[in-house]
2 protein chains.
Amino acid sequence: MERTGGAIRKRVDEMIIRCRDAGLSVTPQRIAVYKALLKSEEHPTPEMLFKTVKRQMPSLSLATIYKSLDALEKLGLIQAVEIDSDSRRYDANMNRHHHLICTKCRNVIDFYDEQLNAVRPSRPHRGFVAESITVKVLGLCARCARR
Amino acid sequence: MERTGGAIRKRVDEMIIRCRDAGLSVTPQRIAVYKALLKSEEHPTPEMLFKTVKRQMPSLSLATIYKSLDALEKLGLIQAVEIDSDSRRYDANMNRHHHLICTKCRNVIDFYDEQLNAVRPSRPHRGFVAESITVKVLGLCARCARR
DNA sequence: ATATATGCAAAGCTTTTGCTGAAGA
DNA sequence: TCTTCAGCAAAAGCTTTGCATATAT
């Protein structure tokens, strides 16, 4: 889960390759959106990314954010996560992980759990073929719990 | 998880009590929305409920569906579930359960798992105080898997 | 050169809100 | 009777789309 400069450069290189393979152009906008998401820990909304990236690229439009996110998602480089019902959020962490969501400060914390990854529906739904599992734990983060 | 006529009547009676306790009026619209949700197995969207209930109550407006759902949710009688990012869905099943979602036919199946209910974030997030856990399993339902 | 993407503005949806007449307590 | 609600229409998000220009290959 390294997000150092070196790690980011590596992932951007990977992105460029995947774009080429898929016949997509490598544009500064797409790179900037992907980089912003790689650097972010906050599972940002399209709007949040727009504000962030626009600072360094004032001509950027919100529509381009949406289009870039769609492209990156289709390339399997990022994923949409459903943190709350009223805002789409994105995550560049593609390792199998789950989310802790603080109901007070609304922070989202990634967490890893091998047992959860292994969950398979049993008895009454034997026939169901599980492909992926998403776990959302609502509660209070350490900081908010202390108060 | 019985949804027979008798069980539904019982839950509507309970609803009436809760409305009274909360100082809310018991209107035919609210009862109809709640009944429709109790009878449904499909975790419907507001729009789906609107179409269903409007048949027996043609004067019904979509705004009333939204308002009724908000009221029922605040009363703790139903819950919003995040099945997919592009449509709000509702569930009258308030027992602790999780969802199997067929990626092909989009059906949503409730499932129960004691172990999952007991999941608590460990090591790196010891301080996090879990209140509730939601699990979404994407995959193929028995029927779609067979093809 | 050709294909693809950006930025803009407009359109499309879903959801919320304000208001008036109607209905429930 | 007094409060709360339904229905309507308008407004308010958020997201998508069409199109002309600009950019990447």
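Just so we're clear, the structure is a prediction, and the values are computed from it rather than from any experiment. In what follows, every heavy atom counts, from backbone to side chain, and hydrogens, waters and symmetry copies are set aside. Just so it is clear: chains get the letters A, B, ... in the order the sequence lines come, proteins before strands, and each one is counted from 1.
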Taking only nitrogen or oxygen atoms into account, show me every contact under 3.5 Å that the protein makes with nucleotides 22-25 of chain D, one pair per line with its distance.
| from | atom 1 | to | atom 2 | distance (Å) |
| --- | --- | --- | --- | --- |
| D:dT25 | OP1 | A:Arg20 | NH2 | 3.0 |
| D:dT25 | OP1 | A:Val26 | N | 3.2 |

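One interatomic measurement links the two molecules: CG of B:Leu60 to C1' of C:dA22, which rounds to 15 Å at whole-angstrom precision. Going from atom CD1 of A:Ile65 over to atom C1' of D:dC14 covers 14 Å, rounded to whole Å. Straight-line distance from the OH atom of B:Tyr66 to the C1' atom of D:dC5: 19 Å, rounded to whole Å. Computed from coordinates, the B:Met15 CE to C:dG24 C1' distance equals 13 Å when rounded to whole Å. Rounded to whole angstrom, the span from the CZ atom of A:Arg89 across to the C1' atom of D:dT15 amounts to 17 Å. Spacing between atom NZ of B:Lys67 and atom P of C:dG18 amounts to 10 Å, rounded to whole angstrom units. One can place CD of B:Glu47 at 10 Å from C1' of C:dC13, the figure rounded to the nearest angstrom. Taking atom CG of A:Leu62 as the reference point, atom P of C:dA10 lies 16 Å away to the nearest angstrom.
The two atoms that bring A:Gly76 and A:Met94 nearest to each other are O-CE, 3.2 Å, heavy atoms only. Here the closest non-hydrogen pair linking A:Arg89 and A:Val108 is NH1-CG2, 3.9 Å.
Remark: nothing in residues 68-84 of chain A comes within less than 4.0 Å of DNA chain D through any heavy atom.
A:Leu75 is connected to A:Val33 through a chain of hydrophobic side-chain contacts under 4.5 Å among Ile, Leu, Val, Met, Phe, Trp and Tyr, so both are in one cluster. Hydrophobic clustering of Ile, Leu, Val, Met, Phe, Trp and Tyr side chains at less than 4.5 Å, counting indirect connections, keeps A:Val137 apart from A:Ile83. If you chain together hydrophobic residues whose side chains sit under 4.5 Å apart, A:Leu140 and A:Ile101 never meet in one group. Under the 4.5 Å side-chain heavy-atom criterion for ILVMFWY residues, no single connected hydrophobic cluster contains both B:Tyr34 and B:Ile17.
Place B:Ala63 and A:Lys54 on DNA chain C by their nearest nucleotides, and A:Lys54 ends up nearer the 5' end.
Ionic pairing of B:Glu14 and B:Arg18 is present here: one or more N-O contacts between side-chain nitrogen and carboxylate oxygen are shorter than 4.0 angstrom.
Side-chain proximity of B:Ser61 to the nucleotides D:dG7, C:dA5, C:dG7 is greatest for D:dG7. Counting only heavy atoms from C-beta on, B:Arg88 has its side chain closest to C:dT16 among D:dG7, C:dG7, C:dT16.
Residue A:Ser59 has a polar side-chain atom (N or O) positioned under 4.0 Å from OP1 or OP2 of C:dG7. Within the 4.0 Å cut-off from OP1 or OP2 of C:dG24, not a single side-chain nitrogen or oxygen of B:Gln29 is found.
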(request) Verify side chain to side chain donor-acceptor pair (under 3.5 Å) between B:Asp110 and B:His99, making sure each step is shown before the conclusion. (result) CA-CA 5 Å; B:Asp110 289 349; B:His99 294 114; 3.3 Å; yes

(request) Apply side-chain contact (heavy atoms from CB on, under 4.5 Å) to B:Arg88 and B:Leu69, showing your working. (result) CA-CA 11 Å; B:Arg88 189 175 302 185; B:Leu69 290 170; over 6 Å; no

